[in-house]
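Below is one structure; the comments refer to it alone.
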Amino acid sequence: MLVLDNLLDMTYNGQDIKLEYDKYVLFIKEGSGDNLLYEDIEDGYVDYIYTEVYLKDDLVKEEYPSEIGGGFMLLKDTIENLFYDKPIRELIDYVFTENAEEDYYELHTTSFPSNAILTIES
């Protein structure tokens with residue numbers, strides 16, 4: 001695995017996460033909270049994680065690459081309560097666990113890739 005264990009064990013406090021694997025790049029970001037629909041709020045959702053997936057080559061070649069996957073992962077508790085002050089590994093594991101059912105968010109894998117390269121952006 002190319003991910004450094006000490007980065008996975010680093011405490012999450014709102015950093016943007018970038019994972020490169022195979023021919024894809026996945027960005028994991030904390031939602032701003034302003035994109036919840038009325039129906040989402042009625043269903044008890046209060047926060048979300050935002051994911052974006054791109055082809056690696058497109059990020060290099062194109063000025064405005066198109067997303068090929070990702071989306072909003074709705075949460076019934078705040079991201080602060082669920083993931084802040086815990087290892088980044090927990091947030092990444094959650095994203096892949098939520099995606100496991102039929103690759104819903106089009107992450108192009110249903111488990112944490114063994115060849116992933118992790119970058120943390122504050």
Side-chain angles (χ1 to χ4, degrees):
M1 182 181 299
L2 301 174
V3 174
L4 300 174
D5 283 336
N6 59 342
L7 283 181
L8 285 173
D9 294 331
M10 191 172 141
T11 302
Y12 179 76
N13 284 305
Q15 306 95 319
D16 289 345
I17 297 168
K18 176 182 166 186
L19 274 177
E20 296 180 50
Y21 54 94
D22 302 327
K23 60 182 181 177
Y24 306 104
V25 179
L26 165 65
F27 293 94
I28 302 171
K29 301 175 183 181
E30 181 175 350
S32 61
D34 60 355
N35 285 328
L36 290 172
L37 301 174
Y38 178 75
E39 295 82 15
D40 298 333
I41 295 168
E42 276 189 332
D43 289 339
Y45 295 105
V46 297
D47 210 347
Y48 57 89
I49 298 165
Y50 185 67
T51 61
E52 300 172 317
V53 180
Y54 297 91
L55 290 172
K56 278 185 197 177
D57 288 347
D58 288 354
L59 287 176
V60 174
K61 294 178 190 172
E62 299 178 23
E63 186 174 353
Y64 301 104
S66 298
E67 288 180 42
I68 61 165
F72 295 93
M73 295 181 157
L74 298 174
L75 303 170
K76 291 199 173 188
D77 198 352
T78 65
I79 197 165
E80 291 89 357
N81 287 341
L82 294 170
F83 300 108
Y84 269 49
D85 299 322
K86 296 178 183 169
I88 284 175
R89 174 188 320 269
E90 290 187 27
L91 174 60
I92 294 171
D93 285 344
Y94 177 84
V95 167
F96 282 102
T97 300
E98 287 299 301
N99 184 62
E101 213 170 289
E102 299 180 34
D103 202 18
Y104 179 76
Y105 294 99
E106 298 180 35
L107 303 183
H108 304 279
T109 182
T110 54
S111 61
F112 188 82
S114 61
N115 64 339
I117 299 171
L118 174 64
T119 306
I120 308 297
E121 300 174 11
S122 324

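Quick note: numbers below take in every heavy atom, side chains included, and nothing from hydrogens, waters or symmetry partners. If you're wondering where the values come from, they're calculated on a predicted model, not measured in any experiment. For reference, positions follow the sequence shown, starting with 1.
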Open item on the list: Are the side chains of D77 and D47 in contact, using a 4.5 Å heavy-atom criterion?
Closed with: no

Task: Pi-cation contact, F27 with K18 (under 6.0 Å, within 45°) - done: no

Open item on the list: Measuring from atom CG of L55 to atom NZ of K61, what distance do you get when rounded to the nearest 0.5 angstrom?
Closed with: 9.5 Å

Task: Where G14 and Y84 come nearest, the two heavy atoms and their spacing - done: CA-OH, 3.5 Å

Task: Euclidean distance, I88 CD1 relative to I17 CD1, rounded to 0.5 Å - done: 5.0 Å

Task: Between OH on residue Y24 and CG on residue D58, distance to nearest 0.5 Å - done: 11.0 Å

Task: Interatomic spacing from CG in L59 to CD in E20 - rounded to 0.5 Å - done: 8.5 Å

Open item on the list: If the test is side-chain contact (heavy atoms from CB on, under 4.5 Å), which one of N81, T78, I79 qualifies with V46?
Closed with: T78

Open item on the list: Could you check whether any side-chain heavy atom of D43 comes within less than 4.5 Å of a side-chain heavy atom of L74, counting everything from C-beta outward?
Closed with: no

Open item on the list: If you define the side chain from C-beta out and look only at heavy atoms, does anything of V53 sit under 4.5 Å from E106?
Closed with: no

Open item on the list: Do L7 and V25 land in one hydrophobic cluster if side-chain heavy atoms of ILVMFWY residues count as linked below 4.5 Å?
Closed with: no

Open item on the list: Quick check: F83 with Y12 (ring centres under 6.0 Å apart)?
Closed with: no

Task: Distance-only side-chain donor-acceptor flag, S66 / Y54, under 3.5 Å - done: no

Open item on the list: Any non-hydrogen side-chain atom of L107 less than 4.5 Å from a side-chain atom of V95?
Closed with: yes

Open item on the list: Once rounded to the nearest 0.5 Å, what's the spacing between atom CG of L91 and atom CD1 of I49?
Closed with: 5.0 Å

Open item on the list: Under 3.5 Å, is there a donor on one side chain and an acceptor on the other for E90 and Y94?
Closed with: no

Open item on the list: Keeping T11 on the side-chain end and K86 on the backbone end, is there a donor-acceptor pair under 3.5 Å?
Closed with: no

Open item on the list: With rounding to the nearest 0.5 angstrom, report the CG to OG1 distance, D16 to T119.
Closed with: 11.5 Å

TODO: Determine, using the 4.5 Å side-chain heavy-atom cutoff (strictly less than), whether I41 and L37 are members of one ILVMFWY cluster.
DONE: no

Open item on the list: Quick check on K56: does its NZ atom have over 12 non-hydrogen neighbours (other residues, nucleotides or ligands) under 6.0 Å away?
Closed with: yes

